[in-house]
**Student:** 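Next up is a structure, given as structure tokens.
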Amino acid sequence: MNKTKILILGAGFGGAYVLNYLKNTLGNRKDIDITVIDESNYFLFTPMLHEVATGSIGTHNLSVPIRDFLPKNGYFELGVVENVDLLTKTVTTNVKSYDYDYLVMSLGSKPHYYGIEGAKDYTYSLKTMGDAIRLRNRFINCVEKAISLGDVPTSRCDFALVGAGPTGIELACEMAELFYGTYVKQYNLSWLKDHISITVVNSGDKVLAQFDSKIQNKALQRLNDLGVHVLFNKKVTKVTEGKLYFDSGEPLYADTLIWTAGVTPVIPNFSPDGVELIKGCIKVEPTLQVCGFNNVFSLGDMAYCLDPATDSPVPMLAQVASRQAKVVAHNIGSLINEGSLVDFKFKSQGMLVSLGNWMAMGQIKGVVLSGGFAWWMWRSIYISKFLSWPRRIKVAVDWALQLVFNRDISSD
């Protein structure tokens with residue numbers, strides 16, 4: 001029996017949710033094979049990586065093995081996608097080649113360094129679990145070294161984060177609570193706080209540019225209250241070890257440089273080159289089919305999808321990818337069963353940003369929220385998006401323990 005082969009590239013919010021929806025609709029079909037390819041064997045809940053980096057959540061509690069939610073006709077293959085041939089319907093990884101009848105491309109994104117010299121080589125990023133673990137170890141080692149040197153002028157821990165979007169601001173707030181709260185109190189060293197600095201470097205004149213101005217102002221006040229410095233209108237032109245150079249000429253010195261200034265899509269090689277790219281993303285139809293290829297879909301960060309209401313591309317958000325996944329799964333099922341296709345229609349469910357323990361801000365349906373209630377809502381919404389009940393419980397336990405006990409400051 002010739003089986004219909006569905007191939008999913010990437011197991012982030014787009015690919016993992018497509019798999020989950022297909023599991024419910026086509027997962028018991030013996031005439032269909034569903035294969036997922038990813039360079040990691042787990043789905044990672046990336047919006048909470050800053051809490052792993054600062055010891056609030058255990059390193060394994062944000063990842064769910066792909067095999068835990070594979071359908072009966074599902075398979076997982078470990079590999080890095082190297083080439084996609086849309087004419088022969090073949091995908092090649094660093095391990096082997098696969099043929100397909102329907103292809104879903106959702107490889108996500110990677111840090112965007114904008115061609116700035118040294119930015120990739122001399123900064124830490126926060127995009128993968130490995131990134132979070134490296135940052136966490138860096139934080140711990142910096143403080144332990146400072147403590148071992150004692151109360152001397154050379155024992156400093158200076159951190160600079162480039163980028164004032166949600167990732168940078170959330171990480172900065174958690175870092176402030178980790179360093180000025182957990183470390184100072186746990187080691188009972190009052191002098192330590194004076195030897196630590198956290199600076200957010202922003203090329204624009206406001207933090208959280210995509211949020212309401214009220215949220216921007218409150219977020220800036222929150223950063224000030226936590227002891228985080230913010231530098232505005234500072235465009236980074238070059239990075240060397242421990243140093244940022246600005247277009248104005250003067251440098252900023254910091255022991256640890258962290259890059260949170262944006263992301264760019266991960267686009268594989270295509271042969272032949274028949275895919276239209278706009279701003280580095282794959283142009284798709286409203287049905288999320290790649291233009292010119294009815295059996296190929298793209299979603300998430302790598303897809304250029306216009307919002308018909310605004311004629312602007314939909315944002316690179318997890319909520320977008322997970323909702324696009326439902327449309328992709330439906331349309332693949334419709335093509336197989338000769339049904340009708342549906343268009344993806346974007347309607348923002350709102351945006352929330354965490355600003356440390358018991359503090360979050362956001363806007364939902366035009367209403368601005370802040371404080372403990374927004375923090376509780378942020379956590380409730382995020383935990384509901386996990387594709388595993390055991391992981392939901394583990395993360396909830398981590399959060400509950402943090403309310404009573406100190407953050408985990410053991411290195412991995």
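Fair warning: this is a prediction, and the values are worked out from it, not measured in the lab.
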**Student:** Is it the case that over 12 heavy atoms from other parts of the model lie below 6.0 angstrom from the CD atom of Glu241?
**Tutor:** no
**Student:** Would you mind telling me which of Asn295, Val91, Val296 makes a side-chain contact (heavy atoms from CB on, under 4.5 Å) with Leu86?
**Tutor:** Val296
**Student:** Ignoring hydrogens and angles, state whether a donor on the side chain of Asn331 or Ser334 is under 3.5 Å from an acceptor on the partner side chain.
**Tutor:** no
**Student:** Determine whether Pro251 and Leu244 make a side-chain contact, defined as any pair of heavy atoms from C-beta on separated by less than 4.5 Å.
**Tutor:** no
**Student:** Return the CG to CD distance between Leu126 and Glu170, rounded to the nearest 0.5 Å.
**Tutor:** 10.0 Å
**Student:** Just checking, is any N or O donor in the side chain of Lys127 or Ser109 under 3.5 Å from an acceptor N or O on the other one?
**Tutor:** yes
**Student:** With a 4.0 Å cut-off on N to O distance, would you call Arg222 and Asp225 a salt bridge?
**Tutor:** no
**Student:** Give, for atom CD of Glu82 and atom OG of Ser271, the distance between the pair rounded to the nearest 0.5 Å.
**Tutor:** 11.5 Å
**Student:** Is it the case that Thr90 and Asp85 place a side-chain donor and acceptor less than 3.5 Å from each other?
**Tutor:** no
**Student:** Let me confirm one number: the CG-OG distance from Leu103 to Ser298, rounded to the nearest 0.5 Å.
**Tutor:** 9.0 Å
**Student:** Applying ring pair (Phe, Tyr, Trp, His ring centres under 6.0 Å) to Tyr102 and Phe297, what does each step give before you reach the verdict?
**Tutor:** CA-CA 8 Å; Tyr102 297 95; Phe297 295 80; 7.4 Å; no
**Student:** With Lys238 as the cation and Tyr245 as the aromatic partner, state whether NZ or CZ is under 6.0 Å from the six-membered ring centre and within 45° of the axis.
**Tutor:** yes
**Student:** For the residue pair Phe43 and Tyr17, categorise the inter-ring angle as parallel (less than 30°), tilted (30 to 60°) or perpendicular (more than 60°).
**Tutor:** perpendicular
**Student:** Under a 4.5 Å cut-off applied to non-hydrogen side-chain atoms, are Asn61 and Thr59 in contact?
**Tutor:** no
**Student:** Taking the side chain as every heavy atom from C-beta outward, state whether Cys281 and Met316 have any pair of such atoms under 4.5 Å apart.
**Tutor:** yes
**Student:** Between Glu51 and Arg136, is the closest basic N to carboxylate O distance under 4.0 Å?
**Tutor:** no
**Student:** Taking the side chain as everything from C-beta on, heavy atoms only, tell me whether Glu285 gets closer than 4.5 Å to Cys291.
**Tutor:** yes
**Student:** Given ring pair (Phe, Tyr, Trp, His ring centres under 6.0 Å), test Phe179 with Phe139 step by step and report yes or no.
**Tutor:** CA-CA 9 Å; Phe179 293 122; Phe139 295 158; 5.4 Å; yes
**Student:** What verdict does the ring pair (Phe, Tyr, Trp, His ring centres under 6.0 Å) test give for Tyr113 and Trp259, after you've listed the backbone C-alpha separation in whole Å, the side-chain angles of each residue and the deciding distance to 0.1 Å?
**Tutor:** CA-CA 8 Å; Tyr113 297 102; Trp259 196 267; 5.7 Å; yes
**Student:** Going by the rule side-chain contact (heavy atoms from CB on, under 4.5 Å), which residues pair with Ala176 if we only count those two or more places apart in sequence or in a different chain?
**Tutor:** Tyr180, Ile198, Leu226, Val228
**Student:** With sequence neighbours left out, write down each residue that passes side-chain contact (heavy atoms from CB on, under 4.5 Å) with His229, or none if nothing qualifies.
**Tutor:** Thr199
**Student:** Flag the pair Phe13 / Gln324 as yes when at least one side-chain heavy-atom distance between them is below 4.5 Å, and no otherwise.
**Tutor:** no
**Student:** So, applying side-chain contact (heavy atoms from CB on, under 4.5 Å) with Ile37, which one of Thr93, Val95, Leu107 is it?
**Tutor:** Thr93
**Student:** Strictly below 4.0 Å, N to O, side chains only: are Lys5 and Asp99 in salt-bridge contact?
**Tutor:** yes
**Student:** Is any side-chain heavy atom of Met175 less than 4.5 Å from a side-chain heavy atom of Leu161?
**Tutor:** yes
**Student:** Ignoring hydrogens and geometry, is there a side-chain-to-backbone donor-acceptor pair from Asn141 to Asn137 under 3.5 Å?
**Tutor:** yes
**Student:** For the CG atom of Leu352 and the CE atom of Met377, what is their distance to the nearest 0.5 Å?
**Tutor:** 7.0 Å
**Student:** Can you measure from CG (Leu220) to NZ (Lys206) and round to the nearest 0.5 angstrom?
**Tutor:** 12.0 Å
**Student:** With rounding to the nearest 0.5 angstrom, report the CH2 to CD1 distance, Trp389 to Ile383.
**Tutor:** 8.0 Å
